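Below is one structure, written out as structure tokens; the observations come after it.
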Amino acid sequence: MRRSTITLLLALFIVILAVGPSNAATERPWATIGTGSLTGVYYNVGQAMKKTLDRFPDDPEIILSVEETQGSIENLEAVTSGRFYFGIIQSDVQYKAWHGTNGTPWAGRPQKNLRAVLSLYTEAVNLVASRQPNVQNLMDLDNRRRRVNLGELGSGHYINATEILTAAGIDLRQGLAEVQVSPVRALTLFERRDIDAFFFTAGHPAAQFHEVAGGRRMAQFVPLNPTDDALARYPYYRRTTIPIKHYPGMGHDQDVATIGVKATVVASEQTPDWMVYGLVSTIAENIDFFKTQLLIFENINRDSVLEALEAPIHPGALKFYREKGLAP
Ligand code: GLU
């Protein structure tokens with residue numbers, strides 16, 4: 001073979017290697033999912049997804065990396081910026097980011113590359129407060145001496161806390177001493193009497209509340225019971241209750257009224273179709289295995305997976321929903 005022919009063949013070979021066949025199997029199987037604090041539920045949800053994908057690998061298989069984060073807002077930013085392929089976020093955060101709602105980090109900047117994947121379970125907006133001093137309702141917080149943890153800036157509860165306090169007419173700068181720490185840190189500060197209350201939006205049961213219920217300082221859930229008019233201004237909240245059967249130590253004799261959102265999984269326009277299809281189909285096809293891992297998955301059904309999704313459904317997920325007759 002002439003030297004120039006060999007050079008040409010070699011060059012061609014290198015090009016083929018570099019470009020490769022363009023099917024999904026050659027794409028990297030590692031997917032990252034942003035979750036939340038170790039005492040919340042999102043982190044366990046991420047682990048349950050990982051376990052299901054590892055136990056029932058598809059072809060191509062997905063290797064999920066479950067990341068601990070501050071929560072919804074950090075996850076949303078990580079997904080839309082391409083740092084993570086998936087994130088678990090609150091449905092109200094999905095709404096606000098997709099619409100670019102005023103008074104949020106996305107005001108006038110709707111996140112148009114956001115895509116919805118599936119909806120999981122109801123999360124309650126939880127406000128936990130001390131019984132000494134006795135903080136029984138929201139207005140008991142309207143006092144400069146009350147230190148309240150609203151959550152870290154990357155969390156979903158930070159956005160709920162500011163919205164709820166503002167709607168109740170409590171001036172964030174004048175009314176209370178605001179603290180911005182993680183849920184884990186909030187438990188320590190609460191026990192040390194450095195804070196009197198903390199917000200944490202999460203589904204029940206969650207380790208965060210088990211820990212506070214079994215802690216040294218007596219705690220209680222504070223009801224959040226907005227009027228219908230107030231609720232109508234915030235289309236993403238629904239009325240719900242905190243099931244107190246999980247927390248006998250909190251001293252309630254009936255479930256506590258509050259408002260709630262849904263925990264949802266999102267991706268971005270850039271998340272590969274095969275990967276989203278693989279994640280959704282593997283979980284759906286092995287739903288019994290998936291559901292046995294967390295009590296909170298109890299109420300997942302065919303209809304609930306499409307509830308409270310604001311951004312357009314990712315094409316990879318839509319393909320699966322259409323195959324199963326769940327979406328037109
Ligand atoms: N809803 C919280 C957030 O978005 C996280 C709850 C959890 O970790 O279960 O930040």
Side-chain angles (χ1 to χ4, degrees), residues 32-50 66-80 84 86-98 101 104-106 111 114 116-128 149-164 179-187 198-212 221 224 234 236-238 240 242-243 246-247 258-266 293-300 307-311:
T32 326
I33 185 161
T35 62
S37 141
L38 296 182
T39 52
V41 184
Y42 286 9
Y43 189 77
N44 296 333
V45 172
Q47 294 294 354
M49 286 181 168
K50 179 173 177 56
V66 181
E67 304 292 321
E68 179 194 353
T69 68
Q70 292 186 9
S72 284
I73 298 181
E74 181 179 346
N75 297 342
L76 184 120
E77 301 285 349
V79 165
T80 53
F84 294 164
F86 297 101
I88 308 178
I89 70 168
Q90 296 174 193
S91 53
D92 63 313
V93 170
Q94 195 181 132
Y95 180 103
K96 290 160 193 167
W98 173 253
T101 306
T104 72
W106 312 282
Q111 302 297 298
L114 182 65
V117 175
L118 91 144
S119 185
L120 288 166
Y121 56 86
T122 298
E123 294 189 88
V125 178
N126 304 286
L127 172 58
V128 172
N149 184 43
L150 307 190
E152 292 166 296
L153 291 176
S155 72
H157 29 283
Y158 183 81
I159 224 173
N160 302 135
T162 48
E163 213 159 51
I164 287 160
V179 181
Q180 296 172 2
V181 297
S182 71
V184 178
R185 183 86 188 132
L187 289 172
F198 63 82
F199 281 91
F200 186 39
T201 301
H204 291 283
Q208 179 76 13
F209 311 112
H210 283 306
E211 289 195 24
V212 78
F221 288 109
L224 298 173
Y234 304 97
Y236 31 81
Y237 290 126
R238 296 276 173 278
T240 185
I242 301 169
H246 300 302
Y247 318 105
T258 185
I259 51 175
V261 293
K262 281 274 202 160
T264 68
V265 178
V266 292
Q293 294 178 71
L294 287 180
L295 210 55
I296 211 153
F297 294 152
E298 198 172 63
N299 297 323
I300 297 182
E307 278 169 7
L309 301 179
E310 282 298 327

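Heads up: numbering here begins at 1 and tracks the sequence. Because the structure is a prediction, the values reported are computed rather than measured. Atoms considered below: every heavy atom in the structure, side chains included; atoms not considered: hydrogens, waters and symmetry mates. Remember, it's 1-based here, ligands and their atoms both numbered in the order they're listed.
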* To do: Could you pull out all residues at least two apart from H246 that satisfy ring pair (Phe, Tyr, Trp, His ring centres under 6.0 Å)?
  => none
* Asked: For the residue pair F198 and F209, does the interplanar ring angle fall in the parallel (under 30°), tilted (30 to 60°) or perpendicular (over 60°) class?
  -> parallel
* Structure fact -> Of E163, Q90, Q94, the one forming a side-chain hydrogen bond (donor to acceptor under 3.5 Å, both in side chains) with Y236 is E163
* H210 vs Y247 aromatic rings, parallel, tilted or perpendicular, using cut-offs 30° and 60°? -> tilted
* Show the protein residues that qualify under the rule heavy atom under 4.0 Å from an atom of ligand 1, listing them in chain and number order. => G40, V41, Y42, Q70, G71, S72, Q90, E123, S155, G156, H157, F200, T201, A202
* Please report the shortest heavy-atom distance between N149 and A186, naming the atom on each side. => ND2-CB, 3.5 Å
* Structure fact -> Residues I88 and N75: closest non-hydrogen pair is O-ND2, 2.8 Å
